[in-house]
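Whatever order the structure lists them in is the order used to number ligands and atoms, beginning at 1. The structure presented is a predicted model; accordingly, all values stated were derived computationally and were not measured.
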Amino acid sequence: MELDPFSHEFHEDPYPVYRWLRDNAPCYRNEKVGFYALSRYQDVLEASQQPLLYSSAEGTTIETLDTTAMLPMMIFMDPPDHDVQRKLVSRAFTPRAIADLEPFVRATAIQCLEPLQEKGGGDFVEEFSAILPMNVIMELLGVPAADRNQLRHWMDASLDRLEEPPYIPDHAIEAMAQSSGYWASLLADKRAHPDDGFVSKLCAAEIENDDGTTSRLTDREVIGFASLIGSAGTETLTKLLANSAVLFHRNPDEWQKVLGNPSKIPGAVEETLRYWAPSQYQGRVLTDDVTVHDVDMPKGSRVLLLTGAANHDEREYDDPDRFDVDRGTHVAVGFGYGLHFCLGAALARLEGRIGLEEFARRFPAYEIDEANVRRVHMSNVHGFASVPFAAA
Ligand code: HEM
């Protein structure tokens with residue numbers, strides 16, 4: 001059995017491969033592409049807790065990224081640089097700060113869903129699950145409404161991957177340049193006309209240095225933040241919400257439980273995150289030699305922490321391939337773990353809950369046109385590009 005994270009067949013259903021890996025090659029080596037992979041829950045957790053050994057500084061996907069040429073982003077930084085950047089923004093994303101956004105998130109969800117209700121259905125992704133998180137995060141960042149869809153399409157396209165080398169298509173590279181260019185022009189605009197948005201706040205934020213002096217973020221750092229949060233805040237939530245719509249369609253008894261008792265919705269969001277993780281792995285590069293399950297991994301090796309596989313580890317979860325909204329609390333690794341734990345987890349949980357609550361209110365019975373459901377083919381992001389549905 002082979003783990004080929006670029007294969008379209010793998011994207012359809014990675015779980016049989018993951019099971020094989022956990023049982024037969026818990027520290028797996030792919031010679032062809034050149035990486036190792038950890039698939040058991042405990043191993044993924046342990047590696048995630050050693051960010052200096054399992055470094056993020058060369059990118060978190062399989063493809064090596066020249067992070068020195070890229071915009072600076074904390075997701076691709078190790079301590080201490082990472083911690084300085086994270087401290088600066090974390091206050092804006094605490095569960096308490098995020099709870100204040102509930103009325104705005106609900107109004108945004110309703111705005112997407114009302115036209116769908118009137119016409120009796122549509123594309124769950126293009127008309128709802130991509131638009132809700134886009135409008136929420138772009139509003140927070142201060143991106144004008146007229147620019148949002150274009151920017152979203154560039155961010156989407158920049159994540160597209162091919163099945164064969166060079167893996168990154170030309171249109172993805174062009175889209176990366178276009179979205180970076182957009183963020184740079186937005187920054188120039190915010191410097192000239194500051195507003196209440198996050199980009200303006202980042203421009204004004206002061207960093208305390210060790211010697212007691214203060215400094216400000218550079219333009220490249222502000223743009224790096226904006227593009228990281230803009231992309232991380234839309235891509236994964238788009239997938240999470242659409243994954244839940246498809247999963248509930250395929251598990252009608254679980255949907256009935258949620259309809260009968262909406263207080264189960266937060267549990268349903270967690271279970272979707274576990275069952276079909278929108279982010280399937282986190283890539284790292286070893287800063288020293290490491291041996292796991294008798295496999296020697298030399299310094300400089302690329303290692304995938306397969307959170308998608310860890311989430312289905314029978315050593316951690318009973319009957320892991322059952323979708324169960326009553327599964328209860330656990331340390332889920334769907335948002336990553338340790339130092340790089342998702343900054344936007346509280347916002348994602350809020351948008352996931354409200355998105356599902358408002359969808360359930362308007363579409364208690366719905367059908368998905370399964371024959372025309374289409375997946376994205378990205379690096380570590382798994383989910384749907386299109387989910388046609390109609391009220392039943
Ligand atoms: C369902 C939705 C989401 C999922 C599944 C998700 C998943 C993840 C995962 C797995 C990581 C860890 C990456 C690593 O260890 O290399 C991460 C980090 C991150 N996420 Fe999310 N995310 C979601 C939503 C969001 C949102 C809404 C935001 C917006 C603020 C966001 C911002 C970030 C940032 C900035 C990081 C980097 C944190 C750091 O390096 O310290 N995410 N996310």
Query raised in the report: Of all the atoms in ligand 1, which lie at a distance below 4.0 Å from a heavy atom belonging to T60?
Result: 16 (O)
Query raised in the report: Quick one: which ligand 1 atoms are inside 4.0 Å of a heavy atom on L228?
Result: 35 (C)
**Report entry** side chain to side chain contact (heavy atoms under 4.5 Å, CB included) against A360, all qualifying residues, sequence neighbours excluded
**Finding:** W255, L259
Report task. With atom 21 (Fe) of ligand 1 as the centre, enumerate protein N/O/S atoms below 2.8 Å in chain and residue order. Result -> C342 SG
Query raised in the report: Is the closest side-chain donor-acceptor distance between S279 and Q282 under 3.5 Å?
Result: yes
Query raised in the report: Would a hydrophobic clustering, with Ile, Leu, Val, Met, Phe, Trp and Tyr connected at side-chain separations under 4.5 Å, put V381 with I62?
Result: no
Query raised in the report: Is the shortest distance from a heavy atom of S56 to ligand 1 less than 4.0 Å?
Result: no
Query raised in the report: Which one holds for H340 and ligand 1: side chain close, backbone close, both close, or neither close, with close meaning a heavy atom under 4.0 Å?
Result: both
Requested in this report: Assess R284 for proximity to ligand 1: is some non-hydrogen atom of it under 4.0 Å away?
Outcome: yes
Query raised in the report: Does NZ or CZ of R250 come closer than 6.0 Å to the centre of the six-membered ring of F323, within 45° of the ring's axis?
Result: no
Report summary line: Note: F93, heavy atoms under 4.0 Å from ligand 1, region reported as side chain
Query raised in the report: With no hydrogens and no angle check, do the side chains of D321 and Y15 hold a donor and an acceptor under 3.5 Å apart?
Result: no
Query raised in the report: Does the distance from a Lys or Arg side-chain N to an Asp or Glu carboxylate O, for K264 and E271, drop under 4.0 Å?
Result: no
**Report entry** Between S227 and Y182: side-chain donor-acceptor atoms closer than 3.5 Å
**Finding:** no
Query raised in the report: So, T272 versus N243: side-chain donor-acceptor pair below 3.5 Å or not?
Result: no
**Report entry** Identity and distance of the protein heavy atom lying nearest atom 38 (C) of ligand 1
**Finding:** R86 NH1, 3.3 Å
Requested in this report: Would you mind running through ligand 1 and noting each atom that sits below 4.0 Å from a heavy atom of I229?
Outcome: 30 (C)
Query raised in the report: What do the steps show when you test E370 against V246 for side chain to side chain contact (heavy atoms under 4.5 Å, CB included), and what is the final call?
Result: CA-CA 9 Å; E370 292 272 3; V246 175; 4.3 Å; yes
Query - Numbered atoms of ligand 1 (with element) below 4.0 Å of G334, judged on heavy atoms - result: 5 (C), 7 (C), 10 (C)
Query - Among H82, M74, Q85, closest by any non-hydrogen atom to atom 41 (O) of ligand 1 - result: H82
Report task. Check whether any side-chain heavy atom of T60 lies under 4.5 Å from a side-chain heavy atom of H340, and answer yes or no. Result -> no
For residues 125-136, run the donor-acceptor check on the side chains, cut-off 3.5 Å, and write out each pair with its distance to 0.1 Å, sequence neighbours left out.
| residue | atom | partner | partner atom | Å |
| --- | --- | --- | --- | --- |
| E126 | OE1 | R152 | NH2 | 3.3 |
| E126 | OE2 | R152 | NH1 | 3.3 |
| E127 | OE1 | K119 | NZ | 2.6 |
| E127 | OE2 | D123 | N | 2.7 |
| S129 | OG | T238 | O | 3.0 |
| N135 | OD1 | R148 | NH1 | 3.1 |

Query raised in the report: Under a heavy-atom criterion of less than 4.0 Å, does L273 contact ligand 1?
Result: yes
**Report entry** For L339, atoms of ligand 1 separated by under 4.0 Å from a heavy atom
**Finding:** 41 (O)
**Report entry** Pairs satisfying ring pair (Phe, Tyr, Trp, His ring centres under 6.0 Å), at least one member in residues 145-175, at least two apart
**Finding:** F6-Y167
Requested in this report: Looking only at protein heavy atoms, identify the closest one to atom 13 (C) of ligand 1 and say how far it is in Å.
Outcome: Q282 CG, 3.7 Å
